[in-house]
2 protein chains.
Amino acid sequence: MHDEAEFLAGYDPGAYPAVAVTVDVVALTIHAGRLCVLLVERGEQPFAGRRALPGGFVRDEALDVAAMRELGEETGVHLERVHLEQLKTYGDPGRDPRMRVFSVAYLAFAPSLPEPESGTDAAGAYWVPVEEATGLAFDHDVILADGLERARAKLEYTPLATAFAGDEFTISELRQIYTAVWGEELHAGNFHRKVLSVPGFVESTGETAPRGGERGGPKPKLYRAGDARLLHPALLRPTREDDVR
Amino acid sequence: MHDEAEFLAGYDPGAYPAVAVTVDVVALTIHAGRLCVLLVERGEQPFAGRRALPGGFVRDEALDVAAMRELGEETGVHLERVHLEQLKTYGDPGRDPRMRVFSVAYLAFAPSLPEPESGTDAAGAYWVPVEEATGLAFDHDVILADGLERARAKLEYTPLATAFAGDEFTISELRQIYTAVWGEELHAGNFHRKVLSVPGFVESTGETAPRGGERGGPKPKLYRAGDARLLHPALLRPTREDDVR
DNA sequence: TTAATAGTGTCTTTTAGACAGTATATC
DNA sequence: GATATACTGTCTAAAAGACACTATTAA
């Protein structure tokens, strides 16, 4: 189109007030039966010394690429089979003292627990149990809360829990993931039957684990993630009427 | 903090490459039993003359404020009890030929059908059945598709359908909303009982509609939206196994 | 009168959840 | 042997869905 080319030639990007776009990542994993989030200690202003979600400015790249890159650069955590999804964008004026900064938050689920190495941008990075992750920089407390709510909801109707597990896992391990994320005990027997009854949630490897539990019990069978993208029927949280209203 | 103030004084926002942030709104309503989306005909480059979602640059304001403002300015549609929620952010390099533009998409649900007046920014604005809303400017086809998927899913486990209805509505009207959004017929009798059995979904006004259907039938009772934020148990779509994998 | 719609009854199937019970491991 | 765990059986209650039926209204 001639008109469009002409328009583009005369267009001045600098005419708009400066804004910046960052990505911040809520990376979750299970460690010792507890749900943990990856935090960095900020080495630079603003909020130097405060804990924050890993993140940084978006370059000439897609948003999800930026999220994955920042996760690796800033924490030394390089996740291969990591599940990454966009959470929400935060852009209230004043949420960053430097300038107008819009942060596109991502949610990541890490299967195992790679101990992070300190990267270039951060003085340190570590997994922190989510209950202890408070007083974060910027509006990251809110972002974390939104991420946790999303994660808890998605466990119900998607096979997301398998993203927290390794390639092969037992039904018990899967149940412990649900327990950690929801913060509620689940009946072992009913959970077992339920998981196996949902088509495509898990599939058997035919193998069994090399040994039983620490204090006895039979060797459990091993499973891997199935091909379902949604759980039908869903695996609902124990109903608390209060949450509904 | 002395350190932080010092840092801010020496900070130069112009040092970063220019980016822009816009909001785009997927505004949905039901018209004559069909799900419709609000589109504008672009009056300016780029994509002049093409249909697009209403939207524009974010000013010194919160994102949801920007979304509501653009909806009003660009289409003349001023929605009072409109439900507005953030959908997703789109930021692929090259999605806008002018510069790097990140678009924060919002999803809006309009109860009635205010016929839009042409506003300042747009050559025209009109409601279009979603099946006919193709070939949109930028990546708006994708944004619309994501918005529809979100809307369809939220009808299942939230009372969102009431946002499409007026202050008072009949169970039949509510069912027609589900039918229009999901594109599937629902059994009238079972739907009726189901809606009334979900706590807090709807509450009776005690009144009945002034008359029955066009071709006969009793005067239906009137209801208004209840206080539930989630539907328990949910109102699930007729299962299509294919959607799951 | 005809036909369409509102609303209810009832039956079957599926699912959730409580609870018990058996087999198999580890210490 | 004591004990913890994996897994299954069984029963009950809740819910989904199919289908039938009555009552009420507009044309």
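Chain A is the first sequence line, chain B the second, and so forth, proteins listed ahead of strands; every chain is numbered from 1. Hydrogens, waters and symmetry mates are skipped; everything else that's a heavy atom, side chains included, is used.
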Colleague: Considering all heavy atoms of both residues, which atom of A:D92 and which atom of B:A62 are nearest to each other, and what is their separation?
Modeller: OD1-CB, 3.6 Å
Colleague: Rounded to the Å, how far apart are B:L231 CG and D:dA15 P?
Modeller: 13 Å
Colleague: Using chain A heavy atoms and a threshold of under 4.0 Å, write down where along DNA chain C the contacts begin and end, 5' to 3'.
Modeller: C:dT15 to C:dC27
Colleague: Using a cut-off of strictly less than 4.0 Å between a heavy atom of the residue and any atom of DNA chain D, enumerate the qualifying residues of residues 204-226 of chain A by number.
Modeller: A:R215, A:G216, A:G217, A:P218, A:P220, A:K221
Colleague: Could you tell me which non-hydrogen atom of A:L28 sits nearest to which non-hydrogen atom of A:W127, and how far apart they are?
Modeller: C-CZ3, 4.0 Å
Colleague: Does B:G189 or B:A234 map to a spot on DNA chain D nearer the 5' end, using the closest nucleotide for each?
Modeller: B:A234
Colleague: For the pair made of CZ in B:F201 and P in D:dA15, what is the distance, rounded to whole Å?
Modeller: 16 Å
Colleague: Scan residues 153-172 of chain A against DNA chain D and write down, sorted by residue number, each residue with any heavy atom closer than 4.0 Å; if none is found, say none.
Modeller: A:S172
Colleague: For A:N190 and D:dG9, give me the distance from atom CG to atom P, rounded to whole Å.
Modeller: 14 Å
Colleague: Using distance alone, with no hydrogens and no angle criterion, decide if A:D24 and A:Y90 have a side-chain donor and acceptor under 3.5 Å apart.
Modeller: no
Colleague: In whole Å, what is the span from the CG atom of A:L174 to the C1' atom of D:dA6?
Modeller: 15 Å
Colleague: What's the shortest heavy-atom distance between B:E132 and B:R51, and which atoms?
Modeller: O-NH2, 3.0 Å
Colleague: Are any side-chain N or O atoms of B:T162 and backbone N or O atoms of B:P159, one a donor and one an acceptor, separated by less than 3.5 Å?
Modeller: yes
Colleague: Quick one: B:F191 CZ to D:dA18 P, roughly how many Å, whole number?
Modeller: 15 Å
Colleague: Taking B:L222's backbone N and O only, do any of them form a donor-acceptor pair with B:T205's side chain (distance below 3.5 Å, no angle check)?
Modeller: yes
Colleague: Angle between ring planes, B:F109 versus B:F164, binned at 30° and 60°: parallel, tilted or perpendicular?
Modeller: perpendicular
Colleague: Determine whether a donor-acceptor pair (N or O, by modelled atom type, separation under 3.5 Å) exists between the side chain of A:W182 and the backbone of A:R237.
Modeller: no
Colleague: Calculate the interatomic distance between B:H232 atom NE2 and D:dA14 atom P; express it in whole Å.
Modeller: 16 Å
Colleague: What about A:R193: does its side chain form a donor-acceptor pair under 3.5 Å with the base of D:dG9?
Modeller: yes
Colleague: Less than 6.0 angstrom separating the ring centers of B:F191 and B:Y178, yes or no?
Modeller: yes
Colleague: Could you tell me how far apart B:Y178 (OH) and D:dA16 (P) are, to the nearest whole angstrom?
Modeller: 12 Å
Colleague: List the atom of B:T29, the atom of B:P111, and the distance in Å for their closest heavy-atom pair.
Modeller: OG1-O, 3.9 Å
Colleague: Return yes if a side-chain donor-acceptor contact under 3.5 Å exists between B:Y126 and B:E41, otherwise no.
Modeller: yes
Colleague: Starting at CD of B:E185 and ending at P of D:dA18, how long is that distance when rounded to a whole Å?
Modeller: 13 Å
